[in-house]
Amino acid sequence: MRIYELNDYLAVSRKAAAVIAAQIIAKPNSILGLATGSTPIGAYQQLVQWYQNGDLDFSQISSVNLDEYKGLPRDNDQSYYYFMNDHLFRHVNIASEHTHIPNGMEPDTAKECSGYDALIESLGGVDLQLLGLGHNGHIGFNEPADHFAKSTHCVDLQERTIEANKRFFESADEVPRQAYTMGCGTIMKAKKILIVVSGKDKAKIVDKAFFGSITPQVPASLLQLHQDVTLVGDKEALSLLDH
Ligand code: GLP
């Protein structure tokens, strides 16, 4: 694992954006695995700026997002579809038909899940998967469990995740209870993984996930077995790593 320790969130965002930009420049038709949450927002802003300066071209890029709330329509401003448009897609020249996000409004869970995995496979797999990290070690919406989920599936969100995500909704009651997410197995198939972390509140879970035991109780711990992982964090988030 490569670890970059930066001074603050801005520097984390610039470094993460640089890793993504390098991927786009090296392989203009890359398949990017994208993430939501507050941590990647700064990286998306930086990518948009580089695009506006004429330094990046998304015209051949395809994207697959990690997850989506089940039951939220695309035009709901808390859907991940809305988030991605708002923070990245509408600001750059990515073709909308090349962007893919699980369809939260598909009631047939089996259909949506197998369809999403088949789609990723048909694209040739993810070249670079961007990830944030939940406080309980979740990646995408893979919650702590007694096994690692292999493929895209529908999860019941845990109370802690609902609590953490309620800041974006009017109240905790509004947070959907289920979500579609790529599985840990789907994520592990990506050729490269980039994880972004920021803030003191992530310090414990960063240490546990990347230097603790590999266990489905900390889904991100599986990434220790991936051959190409880059962790980009600020001093606060990496403060417990004395290794
Ligand atoms: C959500 C997303 C995750 C994200 C996590 C952490 O639950 N499904 O993909 O990594 O939040 O978000 P934040 O970066 O806001 O801490």
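Order of listing sets the numbers, starting from 1, for every ligand and every atom in it. Numbering starts at 1 and runs along the sequence shown. Keep in mind it's a predicted model, so treat the numbers as computed, not measured.
- Among all protein heavy atoms, the one lying closest to atom 16 (O) of ligand 1 is Lys202 NZ, 2.6 Å.
- Within the structure, ligand 1 lacks His135 among the residues with a heavy atom less than 4.0 angstrom away.
- Considering only heavy atoms from C-beta on, Pro216 stays 4.5 Å or farther from Asp146 through its side chain.
- Protein heavy atom closest to atom 15 (O) of ligand 1, with residue, atom name and distance, is Ser38 OG, 2.6 Å.
- Residue contact check for ligand 1: Arg160 places no non-hydrogen atom closer than 4.0 Å to it.
- The distance between the ring centers of Tyr180 and Tyr116 does not fall below 6.0 angstrom.
- Scanning all protein heavy atoms for the shortest distance to atom 11 (O) of ligand 1 gives His138 NE2, 3.9 Å.
- Distances below 4.0 Å separate heavy atoms of Phe141 from the following atoms of ligand 1: 7 (O), 8 (N).
- The side chain to side chain contact (heavy atoms under 4.5 Å, CB included) test with Asp234 is passed by exactly one of Val196, Leu10, Val197, Val12: Val12.
- Residue Ala35 places every heavy atom at 4.0 Å or more from ligand 1.
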*Under the ring-ring contact (aromatic ring centres under 6.0 Å, His included) criterion, do Phe168 and Phe83 qualify, and how do the steps go?*
CA-CA 11 Å; Phe168 303 115; Phe83 175 105; 8.1 Å; no
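- Ranked by closest heavy atom to atom 6 (C) of ligand 1, the top entry among Asn142, Leu133, Thr36, Val155 is Leu133.
- Atom 8 (N) of ligand 1 has its closest protein heavy atom at Asp67 OD2, 2.8 Å.
- Among all protein heavy atoms, the one lying closest to atom 12 (O) of ligand 1 is Gly37 CA, 3.8 Å.
- What sits closest to atom 2 (C) of ligand 1 on the protein, heavy atoms only, is Tyr80 OH, 3.7 Å.
- Less than 4.0 angstrom separates some heavy atom of Gly132 from each of these atoms of ligand 1: 10 (O).
- For the side chain to side chain contact (heavy atoms under 4.5 Å, CB included) criterion with Leu157, the lone passing option out of Glu143, Gln178, Arg177 is Glu143.
- Of the options Ile61, Leu128, Ile25, a side chain to side chain contact (heavy atoms under 4.5 Å, CB included) to Ser30 is made by Ile61 and by none of the others.
- The only option from Leu34, Thr99, Leu123, Leu32 that meets the side chain to side chain contact (heavy atoms under 4.5 Å, CB included) definition with Val64 turns out to be Leu123.
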*List the steps, then state whether salt bridge (Lys or Arg N to Asp or Glu O under 4.0 Å) holds for Arg2 with Asp228.*
CA-CA 8 Å; Arg2 270 178 299 277; Asp228 193 332; 2.5 Å; yes
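- The closest side-chain heavy-atom distance from Leu88 to Val48 is below 4.5 Å.
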*Do Glu5 and Lys235 pass the salt bridge (Lys or Arg N to Asp or Glu O under 4.0 Å) test, and can you show the C-alpha distance, the side-chain angles, and the key distance before you say yes or no?*
CA-CA 6 Å; Glu5 184 182 87; Lys235 285 193 163 129; 5.0 Å; no
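- Residue contact check: Thr39 has heavy atoms under 4.0 Å from atoms 13 (P), 14 (O), 16 (O) of ligand 1.
- At a heavy-atom distance under 4.0 Å, no atom of Tyr69 approaches ligand 1.
- No part of Glu143 comes within 4.0 Å of ligand 1, judged by heavy-atom distances.
- The shortest N/O to N/O separation between Gly140 and ligand 1 falls below 3.5 Å.
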